[in-house]
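One structure is given here, and the rest of the page talks about it.
Numbers here are sequence positions counted from 1. What you see is a predicted model, and the numbers here were worked out from it, not measured in a lab.
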Amino acid sequence: MTDRTSSPAYRGVVLAMLLLVYTFNFLDRQILGILAGPIKAELQLTDTQLGALGGIAFALLYSTLAIPLALLADRTSRTWVITVSLAIWSGFTALCGVAGNFMQMFLFRIGVGVGEAGGVAPSYAVISDYFPAHQRARALSIYSLGIPLGSAGGVLLGGYIAQTVEWRTAFIAVGLLGILIAPIFRLVVREPARPVQAGEAVPVSAVFGILAAKRSFWMLALGAASSSMCGYGVAFWLPSLLMRSFGLDLLGAGQFLGGLLLIGGVAGVLLGGFLGDAMGGKDKAFFAWVPAISYVVGMPLFVIGVLSSSVTVAFALFLIPQALVYVWLGPVLTAVQHLVPPHMRASASATFLLINNLVGLGLGSWSVGALSDALTPTYGTEALRYAIVAALGFYLLAGLFMALAGKALRKDWVTV
């Protein structure tokens with residue numbers, strides 16, 4: 001690696017650009033949640049169909065294509081794969097703004113997932129190539145700020161545009177902006193040097209064989225999937241809950257969620273990175289135990305907030321668990337990077353994300369929507385509230401899996 005690309009200043013620029021791309025990843029992914037109300041009304045959809053658009057449609061190819069695209073990134077150029085992926089998912093986001101029915105929106109959301117499949121795993125690998133081991137949890141946590149920042153941007157920007165103009169304009173605007181950023185990213189971010197030269201083939205069976213033999217991988221993947229099952233489901237449906245059960249309008253729901261994500265979400269991601277480097281540096285088990293504790297502490301507060309009747313009380317109760325459920329990102333993503341040799345990192349991350357997203361993202365929003373429809377004859381407009389409460393139980397399951405992963409990490413860790 002040249003002096004320029006190895007300097008702390010340039011590493012900071014690379015991390016900032018990756019964060020910007022990841023912010024658009026989640027902005028394009030989560031904007032559907034705040035726009036669910038007007039989309040449901042205009043396209044005449046059920047909650048089950050809305051949940052499918054937020055989950056299955058996106059996760060269907062997002063999860064499965066991530067592995068071949070990660071292999072391509074490991075063998076060729078990770079930065080080129082990220083660049084092209086950004087352009088593709090942004091283009092399909094813009095197309096969502098012209099959808100005329102459920103099937104068209106479903107296909108366009110599949111397209112968003114196809115694009116985003118090539119963005120995350122290669123980015124993890126780029127960060128691990130640029131940053132030394134003792135800084136990776138913090139670097140990955142800063143990158144993961146794209147989740148709360150992008151989600152907040154989606155609900156704030158989407159809500160504002162939809163209320164002042166229309167929901168279709170929101171999709172088109174954020175999609176076109178992403179397309180403009182793609183070439184800038186490629187010009188700024190250089191391909192990092194790697195221990196194994198680009199072009200050297202690594203069979204996916206070799207990567208999966210290493211991971212499958214490690215108990216820690218399965219516990220981390222199942223824990224993250226359980227967390228995402230709840231996290232994606234709640235994130236998608238919380239705007240609708242705020243409008244149906246708390247009486248907020250579209251803009252008010254966007255401001256509520258935007259503030260929650262910017263305060264609680266950002267704090268949780270940064271806290272996880274700090275604790276991961278500090279405690280995991282002494283005992284690798286804490287890369288899993290820190291998230292486990294966070295899930296168990298945060299879940300009851302979420303339940304109380306959902307069941308409350310006051311918007312102010314709900315916001316105050318949500319802040320702490322919103323932070324705690326984001327703590328896992330830095331520590332767990334770092335741990336996954338250290339389960340394989342460096343030249344397999346993108347492929348390992350994609351395998352981890354396959355399980356996490358196929359289960360969590362694919363089923364989270366759909367299952368909450370389906371349960372809401374099933375409970376509607378009994379609870380009416382309050383059915384969504386109780387569907388979300390039921391989904392929150394997956395945080396306890398996530399805590400259990402993470403707790404079981406701790407000891408196994410001590411022997412499965414690959415020090416590089």
Side-chain angles (χ1 to χ4, degrees), residues 11-34 58 62 66 78-79 81-83 85-90 93 112-113 115-128 130-131 136-158 174-175 177-182 184-185 188-189 224 227-228 231-232 235-236 257-258 260-274 276 322-323 325-334 336-337 346 349-350 352-353 356-357 360-361:
R11 287 202 300 267
V13 171
V14 169
L15 187 57
M17 289 302 299
L18 289 169
L19 170 59
L20 178 63
V21 173
Y22 201 33
T23 298
F24 270 85
N25 182 303
F26 263 81
L27 194 159
D28 292 356
R29 187 186 308 189
Q30 297 298 104
I31 194 172
L32 183 66
I34 190 66
F58 180 87
Y62 172 71
R78 290 165 178 169
T79 53
V81 170
I82 296 168
T83 301
S85 297
L86 170 60
I88 292 174
W89 87 60
S90 298
T93 297
V112 175
E116 293 195 12
V120 182
S123 296
Y124 291 162
V126 169
I127 291 171
S128 293
Y130 267 109
F131 288 85
R136 282 178 192 152
R138 277 170 288 181
L140 283 166
S141 70
I142 291 173
Y143 171 73
S144 297
L145 287 175
I147 298 176
L149 292 177
S151 299
V155 297
L156 287 170
L157 184 62
V174 299
L177 189 54
I179 292 174
L180 291 175
I181 291 173
I184 299 173
F185 172 84
V188 173
V189 179
S227 170
S228 295
Y232 283 120
F236 182 85
L257 290 171
L260 190 66
L261 289 161
L262 290 175
I263 299 172
V266 169
V269 172
L270 294 177
L271 177 63
F274 172 79
Q322 183 67 60
V325 298
Y326 276 121
V327 162
W328 74 274
L329 288 160
V332 172
L333 296 178
T334 300
V336 172
Q337 295 288 294
S349 295
F352 169 80
L353 292 171
N356 178 42
N357 292 320
L361 181 55

Heavy-atom check, side chain of Leu19 versus side chain of Leu15, under 4.5 Å: no
On a heavy-atom basis, which atom in Tyr143 and which in Val120 lie closest, and how many Å separate them? OH-CA, 3.8 Å
With side chains defined as the heavy atoms from C-beta onward, is the minimum distance between Phe131 and Val14 less than 4.5 Å? no
Main-chain N/O of Arg138 paired with Ser141 side-chain donor or acceptor, under 3.5 Å: yes
Student check: side-chain heavy atoms of Ile147 and Val269 closer than 4.5 Å: no
Quick one: CD1 on Ile142 to CG on Leu18, what's the gap to the nearest 0.5 Å? 11.5 Å
Mind checking side chain to side chain donor-acceptor pair (under 3.5 Å) for Gln322 and listing every partner two or more places apart, or none if nothing turns up? none
Parallel, tilted or perpendicular for Trp328 and Phe352, by the 30°/60° rule? tilted
Ala139 versus Ile127, closest heavy-atom pair with distance: CB-CG2, 3.7 Å
State yes or no: are the ring centers of Phe26 and Tyr22 separated by less than 6.0 Å? yes
Atom of Pro331, atom of Gly276 and distance for their closest heavy-atom approach: CG-CA, 4.1 Å
Check Ser85 against Gly115 and note the closest heavy-atom contact, atom names and distance. CB-O, 3.0 Å
Across all chains, not counting sequence neighbours, the side chain to side chain donor-acceptor pair (under 3.5 Å) partners of Thr79 are Ser77, Glu191
Heavy-atom distance under 4.5 Å between the side chains of Phe185 and Leu20, does that happen here? no
Between Asp28 and Ile31, which heavy-atom pair has the shortest distance, and what is it? O-CG2, 3.7 Å
Quick one: does any side-chain atom of Arg78 pair with a main-chain N or O of Pro122 as donor and acceptor, under 3.5 Å? no
State, with a plain yes or no, whether a side-chain heavy atom of Leu145 is found less than 4.5 Å away from one of Leu270. yes
Ile82 to Ser123 - nearest heavy-atom pair and separation: CD1-OG, 3.4 Å
Check whether any side-chain heavy atom of Leu177 lies under 4.5 Å from a side-chain heavy atom of Phe24, and answer yes or no. yes
Please examine the side chains of Ile184 and Met17, heavy atoms only from C-beta on, and report whether any two atoms are closer than 4.5 Å. yes
